[in-house]
Amino acid sequence: MTNTRPGSYVVHTATFEGPLDQLLQLAQQGQVDLETIPLAEIAAEYLAHSRRAFDVEEATETLWMLAALIELKARALLPHPPPVEEPPAEEPGDLQELLEERLATYRVFKDVATALRALESYQQRVFLHPPEEPAGPLLSGVALADLFRAFQEVLARVPDRVEEVPPQSITVAEQMAAVLALLADGVEGVPFEALFRAAATRLEIVVTFLALLELIRLMRVRVVQDATFGAIRVYGRAARDGGGQTGGAGDD
Amino acid sequence: MDAPLGTEGVRPEEPGMIELEQAAGDAARLHERDARVRETARAIECILLVSGGPVRVEQLVDAAQVPPEIVVAAVEILMQEYAARGLEIQTVAGGYQLATRPDHAEVVQRFLGAAGREPLTQATLETLAIVAYRQPITRPELEAVRGVRSEYVLERLEERRLIRVVGRKATVGRPILYATTEGFLRYFGLRDLADLPPMAAFGMIHPAAPEE
Amino acid sequence: MDAPLGTEGVRPEEPGMIELEQAAGDAARLHERDARVRETARAIECILLVSGGPVRVEQLVDAAQVPPEIVVAAVEILMQEYAARGLEIQTVAGGYQLATRPDHAEVVQRFLGAAGREPLTQATLETLAIVAYRQPITRPELEAVRGVRSEYVLERLEERRLIRVVGRKATVGRPILYATTEGFLRYFGLRDLADLPPMAAFGMIHPAAPEE
């Protein structure tokens, strides 16, 4: 697994120096304390490195390994939540009952769905008057100066918040769905940059990247770069379309 | 024809007179109220036209500047009057709306040059049904009922503004809670959530589950 | 008093009988035409409701799929029916339209302006300002500036017709893009967005020095 190619990225930190896959191996074997390894720095360094020499396969591999490291570190850092309440190993009879109960619940909802369908088809045949515009916009007592001042106030507040984590949490799963939704729009794929919003936070960029890697690993997307330094395009693939040139998805 | 609003100024000579005057006063007041209700009905008709969506009683009270009971009486009259028309007054999303009758859908669609509207897919409708009857509900709770991942469907429903995020549940992971929107009521022509089709076999969901 | 719809079964003995039968046939045809006109009137009512503007006779003919004379007769009936209502069928240059009677203009304006009488909250004003200066802008972009969820505020601004959806951004999730409306410009007396007080002094996001 350790096949360091010339020019490929090497980790330099206070406590570890060497190729990334070696770090991962050691971490997996518990021989290195990830708490002492600044993963964010490694990621930033790698991003800088990849700007000089970008190789899709290497990037895929590297980022997959980084993701694995982040996961390991996150597991190590997090307090262990109480185990999810799995129903205690069911007797075959209980399981049968449980399944039947679920089926019954599901059927009830199927029935109401049918009733809702009838309401839907009635209401879809009903039309309204287009809402009328009021003589003016719905505003009173606000001057242009108020608007200007409000904007100034917001801008003045912004720098304090630059490092803040946005209140909305963002998950790899969410971003995976978002990437797939974006790719579902056309067969011609999208440019790599289009996966990231212009105002994306760093967290969002990282999570989106991890989502992309996961999709590559699952062979749900394909990333193509026609020429060195050429534009990178991302293509969607059919859900169970196996085989492909994705490669380098790491083995576990 | 000024109807006497009070009888204080009149000196009753005989008991019979008093009754007569009272009756006349009552009739006048009734007549006046009736005229007011009819006038309000005309105004409400106008409001319902320009609104293009459901209008709540309070909004009608504000705009017409009459008490709620007059508004309610006026809407009742309007509903009767429209019973034989091409249009109807629907009770939707906590308000009233003036809408075309479904019988004329083909003509209207031909006029608008619009194809029939696309109904929700079965999966989407079922998901929506579960959210509607179990709200507020988290994605894991929903998935437990459906037995399949529902992220994408929930997103589509949120996009169509049929459901919305209403908060987070105070459990591990603080999962997002979803509920239906006013748009949901409009979409299905429901007055409120109590107007949802009754869940006949609701009791069946937890069949007597005896706690041993 | 059933008018016979056909005469085939009857053997005419006298000339007088024939006249009678013809009269009956005419009455039936008239009755049938009348029903058709009434049905067309119901359909036209629907068309006028959804149109929101004048509709020409040819458009009505196309949509209702009846001859022009039926349409004209139907519109006449509708005009009579609406003579005592809050709405009226107006004949304008472009055709016919369903409109509110001028008598109710005050109530209608009060209704349409109702939302405008509620003062803008600080959050709403701030959001409007950001949209104005940074349009077109997506909700996540806006939230990145404000630092709080802004779904509700955006909806209120849309309701007040100060902002509107102008498209979707071609990035992940295809977020909706918002911009200010014509009404926004009119309200503030701006010819166009370039007329907004310049932010030049501010250099994008870093307010190097406070202005005061």
Side-chain angles (χ1 to χ4, degrees), chain A residues 125-162 164 166-168 170 174-185 190-191 193-201 204 208 211-212, chain C residues 46 49-53 98 108-109 111-120 122 125-130 132-134 137-138 140-141 143-149 159-162 169-175 181-184 186-190 196-197 199 202 204-207 210-211:
Chain A
R125 293 169 61 79
V126 160
F127 299 83
L128 307 175
H129 184 76
E132 215 132 284
E133 286 271 351
L138 301 174
L139 197 59
S140 57
V142 177
L144 194 53
D146 298 324
L147 196 70
F148 186 62
R149 197 175 320 113
F151 190 54
Q152 284 177 309
E153 281 166 14
V154 174
L155 291 192
R157 244 174 36 214
V158 168
D160 305 330
R161 220 184 1 252
V162 163
E164 244 173 61
Q168 279 160 289
I170 174 167
E174 273 166 20
Q175 287 309 90
M176 281 169 67
V179 169
L180 285 181
L182 183 71
L183 294 174
D185 278 1
V190 301
E193 306 81 59
L195 299 181
F196 307 92
R197 298 186 300 111
T201 59
E204 192 179 332
T208 307
L212 180 64
Chain C
C46 294
L49 180 82
V50 303
S51 147
L98 185 62
V108 167
Q109 281 314 317
F111 171 74
L112 289 176
R117 286 191 297 276
E118 280 161 36
L120 282 187
Q122 189 54 34
L125 182 65
E126 176 183 300
T127 306
L128 179 62
I130 299 168
Y133 279 97
R134 289 285 164 82
I137 188 171
T138 67
E141 284 162 4
E143 287 172 350
V145 177
R146 292 194 61 217
V148 289
R149 288 194 65 127
E159 254 174 35
R160 284 175 176 247
R161 290 167 227 270
L162 292 166
K169 193 159 183 172
T171 58
V172 171
R174 301 185 38 72
T181 59
E182 280 285 315
F184 168 86
R186 257 186 285 128
Y187 177 86
F188 287 108
L190 304 168
L196 278 170
M199 295 304 293
F202 273 81
M204 297 302 280
I205 267 174
H206 309 285
E211 284 299 280

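Just so it is clear: chains get the letters A, B, ... in the order the sequence lines come, proteins before strands, and each one is counted from 1.
With a 4.5 angstrom heavy-atom cutoff, E182(C) does not touch chain A via any of its atoms. Contact annotation for T127(C): neither backbone nor side-chain heavy atoms come within less than 4.5 Å of a heavy atom of chain A.
Partners of Q175(A) according to the side chain to side chain donor-acceptor pair (under 3.5 Å) rule, which considers only residues two or more places apart in sequence or in another chain, are T208(A). Judged as a side chain to side chain contact (heavy atoms under 4.5 Å, CB included), and not counting sequence neighbours, the contacts of A129(C) are L147(A), A150(A), F151(A).
When every heavy atom of F127(A) is checked against every heavy atom of L49(C), the shortest pair comes out as O-CD2, 3.8 Å. Considering every non-hydrogen atom in both R174(C) and L182(A), the closest pair reads CG-CD1, 4.0 Å. Across every non-hydrogen atom of P130(A) and G52(C), the tightest pair is CG-CA, 3.9 Å.
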